[in-house]
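What follows is a single structure, written as C-alpha cells, with notes after it.
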Amino acid sequence: MLITRAQAVNQIRKSRGGFFSVSFLKKDKSFRTMLARLGVRKGTKGGQSTVADHPQYLTVWDVHKRSFRNVNVDTILLLRVNGVDYTVTR
C-alpha cells in the first residue's frame with residue numbers, strides 16, 4: 001500500500017506503543033531496518049530529548065538495540081504496522 005510520509009507518521013502514532021518495523025536511510029546514507037515502538041518510559045532518567053525542537057525526527061525505542069533512536073521522517077521508505085506493509089512516497 002502506498003502512503004505519504006505524513007500518513008506514515010500518523011500510522012506509527014496510531015500504533016499506541018505497539019511494535020512496528022521501519023526502514024529508512026540513515027544520515028550516512030546507509031539503509032537501516034528497525035523493530036521499534038513508541039511510548040517507552042521505563043529506564044528513563046529524566047534526560048532531555050536532543051531533537052525535541054526538530055519535528056522531522058521521531059524518537060523511538062529500538063527493540064534489538066534496547067535503547068532510544070531517532071528516525072528522520074523524511075527518509076522513511078518502508079513501514080509495517082499491525083501486519084500491514086506500506087511503501088512511503090515522497
Side-chain angles (χ1 to χ4, degrees):
M1 180 182 262
L2 228 54
I3 60 174
T4 64
R5 296 194 196 294
Q7 290 171 324
V9 172
N10 190 32
Q11 287 295 326
I12 291 170
R13 293 193 193 286
K14 283 183 7 183
S15 71
R16 299 184 191 268
F19 294 99
F20 61 91
S21 174
V22 62
S23 298
F24 58 97
L25 291 176
K26 294 178 11 177
K27 190 174 184 178
D28 66 359
K29 303 299 181 203
S30 62
F31 184 77
R32 170 93 149 70
T33 299
M34 179 188 309
L35 179 62
R37 49 186 300 212
L38 291 178
V40 174
R41 300 275 186 249
K42 186 173 182 178
T44 58
K45 297 177 182 166
Q48 294 290 328
S49 172
T50 59
V51 295
D53 297 333
H54 303 282
Q56 76 267 25
Y57 290 104
L58 190 61
T59 302
V60 299
W61 176 257
D62 184 334
V63 174
H64 297 295
K65 301 268 185 179
R66 300 185 67 135
S67 64
F68 291 98
R69 296 288 190 248
N70 294 310
V71 176
N72 186 341
V73 173
D74 296 334
T75 65
I76 294 176
L77 303 172
L78 302 169
L79 177 66
R80 182 180 180 112
V81 181
N82 297 326
V84 180
D85 292 326
Y86 299 98
T87 301
V88 182
T89 63
R90 294 179 182 244

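Position 1 is the first residue of the sequence, and the numbers go up from there.
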Item checked: Side-chain heavy-atom pair Ile3, Val88 within 4.5 angstrom cut-off -> yes
Note to self: Holding to side chain to side chain donor-acceptor pair (under 3.5 Å), I want the full list of residues that pass it with Thr89, two or more places apart in sequence or in another chain.
What the structure shows: none
Notebook entry, point to check: With Thr87, which residues qualify under side chain to side chain donor-acceptor pair (under 3.5 Å), at least two apart?
Noted result: none
Next item on the list: Only counting residues at least two apart or in another chain, list the ones meeting side-chain contact (heavy atoms from CB on, under 4.5 Å) with Lys65.
Entry: Arg32, Asp62, Ser67, Arg69
Tell me which donor-acceptor pairs under 3.5 Å the side chains of residues 75-86 have, and how far apart each pair is, sequence neighbours excluded?
from: Thr75; atom 1: OG1; to: Leu25; atom 2: O; distance (Å): 3.0
from: Thr75; atom 1: OG1; to: Asn72; atom 2: O; distance (Å): 3.0
from: Arg80; atom 1: NH1; to: Asp85; atom 2: OD1; distance (Å): 3.0
from: Arg80; atom 1: NH1; to: Asp85; atom 2: OD2; distance (Å): 3.3

Look at the side-chain heavy atoms of Ile, Leu, Val, Met, Phe, Trp and Tyr, link any pair under 4.5 Å apart, and say whether [X] and [Y] land in one connected group.
X: Leu2; Y: Val73; answer: no
X: Met34; Y: Phe20; answer: yes
X: Leu38; Y: Val63; answer: no

Item checked: Qualifying salt bridge (Lys or Arg N to Asp or Glu O under 4.0 Å) pairs with a residue from residues 15-26, counting only residues at least two apart or across chains -> none
Margin query: To the nearest 0.5 Å, what is the distance between OG1 on Thr33 and CZ on Phe24?
Written below: 8.0 Å
Listing, residues 8-15 side-chain donor-acceptor contacts under 3.5 Å, not counting sequence neighbours, or none:
from: Ser15; atom 1: OG; to: Ile12; atom 2: O; distance (Å): 2.5

Check: For the side chain of Arg37 and the backbone of Gly17, is there at least one donor-acceptor N/O pair under 3.5 Å apart?
Finding: yes
